[in-house]
Protein chains: 2
Amino acid sequence: METTQRSDHQTSADRRRRELLEAADRVVLRDGPGASMNAIAAEAGITKPILYRHFGDKGGLYAALAKRHTDALLASLRAALDAPAERRERVEATLDTYLAAIEARPQVYRFLMHPAEGGPQQPAEAGFDTGRNSIPVLRRMGEELGQVIEERLDLGPGTQQLARMWGHGIVGMMHAAGDWWLGERPCPRAELVRALADLLWGRLAAAGDRVGGPGF
Amino acid sequence: METTQRSDHQTSADRRRRELLEAADRVVLRDGPGASMNAIAAEAGITKPILYRHFGDKGGLYAALAKRHTDALLASLRAALDAPAERRERVEATLDTYLAAIEARPQVYRFLMHPAEGGPQQPAEAGFDTGRNSIPVLRRMGEELGQVIEERLDLGPGTQQLARMWGHGIVGMMHAAGDWWLGERPCPRAELVRALADLLWGRLAAAGDRVGGPGF
DNA sequence: ACTCCGAGTTACCGCTAGTAACATAGCTAG
DNA sequence: CTAGCTATGTTACTAGCGGTAACTCGGAGT
């Protein structure tokens, strides 16, 4: 019964891992991204070294935790992006999906956008990866959106690079506007969706100058 | 001679403060945002409690440090934005100014975009300010750009809110695209500037569908 | 019965942010 | 000249963090 035993063992380890992840999730959602390994271990009913055996270090745990949520968010975004509708509608649906997600679970959002933390010891070796500190979920979203744009649109020569730049740019726009909106709540969601879609549709370039200028 | 004395005292304290800030700057530029108070104090040739007397806590020091760089960056952006030229030219100049800044001093950029750190003790009191963790320099840039847009453009009713949303959105676009570009360096700066300006000019909406779709 | 292996624990290390208590210079008042 | 006050600086400490070494325990294999 080797297979059965090995399978049992595997599932046992996997189940443990999932239990730990769920405990970590609870703590992170309660205490924010500053949750300590001690607190997570306590919530899971065990002690620190077990966490380290399973996840290596805090970064590993956070990465595993972030991957779950990121995958879920990306799946729903992809669904909105792949809907059979006009381009403008799909863009609005995608924006709305993202904003609805961060609105519904702001703690998750906050955790996802704050994973690196720069740890206490940052040995400054590895040659200063300048862009390494970017938020992983944003990078992934940007890459995926860039791919979708490249697949769908005909942008002439240099399509691929243009699509990637746009992907990252649009994701950044969505993120920054969403973050500000989530903090100040100045208007309903639909209004922000419309405003951002309008921005992407070139209304900035089309707008007329103001008549009575700023300095008299 | 009370006034003179007090004045001397003031300038002395201010000079000290500036010296400390410059030392902190050096250390942060060398060690990244994870620079410790001990290291900064050593670089300044003094010990920790003095730093705390001057800046309260690490957040205070970082805020003071960030304010300097943020002010400088905002000033140069404002200059690009206020140039007497066509709108498209000004937008491109502003994008280029930002990208040139982060390209020229990536460590400063990295520090500015990573100030909060969430610290070890995040008491979770104060009711979970959902949006509080946003990067301050981005918020400031978004607000200022929103104001400029509001002053300059005629967007009909609801101009103010629309301008703010656009301000934060555009800044986020610039930031995310710049971050990705700084990490991968896939093309010269001017190309990214053009791509982002094209995006803002509605080329996404105007682009034609690809003929040979993705799935054959 | 003996061994091995994985799960788990206690107890520690080195580091951090931040602070209390003590020491020292220089100026002002009596 | 001495007493006191204020600013400036130090040493020595606390509490908590991420991370690890070394030990303990229970159950499978031969």
Look at B:Arg16 together with B:Glu19 and state whether they make a salt bridge at an N to O cut-off of under 4.0 Å.
yes
Quick one: is A:Thr47 getting a side-chain N or O under 4.0 Å of the C:dG8 phosphate, OP1 or OP2?
no
Of the candidate nucleotides D:dG19, D:dT10, C:dG18, which contains the atom at the shortest distance from the side chain of B:Asp57?
C:dG18
Relative to each other, are the rings of A:His168 and B:Trp180 parallel, tilted or perpendicular (30° and 60° limits)?
parallel
From CZ of A:Arg17 over to C1' of C:dA7, roughly how many Å is that when rounded to an integer?
16 Å
What's the CD-C1' distance between A:Glu19 and C:dG8, to the nearest Å?
15 Å
The side chain of A:Ser36 is closest to which nucleotide in this list: C:dA20, D:dT8, D:dG18?
D:dG18
Spacing of A:Leu61 atom CG relative to D:dG19 atom C1', expressed in whole Å:
13 Å
First of A:Arg53 and B:Lys48 reached from the 5' end of DNA chain D, by closest nucleotide:
B:Lys48
Report which part of the nucleic acid B:Ile50 touches: base, sugar-phosphate, or nothing (heavy-atom distance under 4.0 Å, all strands).
base
B:Phe55-B:Tyr62 aromatic ring centre distance below 6.0 Å
no
I want to check one thing: is the phosphate of C:dG8, taken as OP1 and OP2, less than 4.0 Å away from some side-chain N or O of A:Arg16?
yes
Starting at atom CZ of A:Phe55, determine the distance to atom P of D:dG18, rounded to an integer number of angstrom.
15 Å
Donor-acceptor contact present, side-chain B:Arg164 to main-chain B:Leu145, <3.5 Å:
no
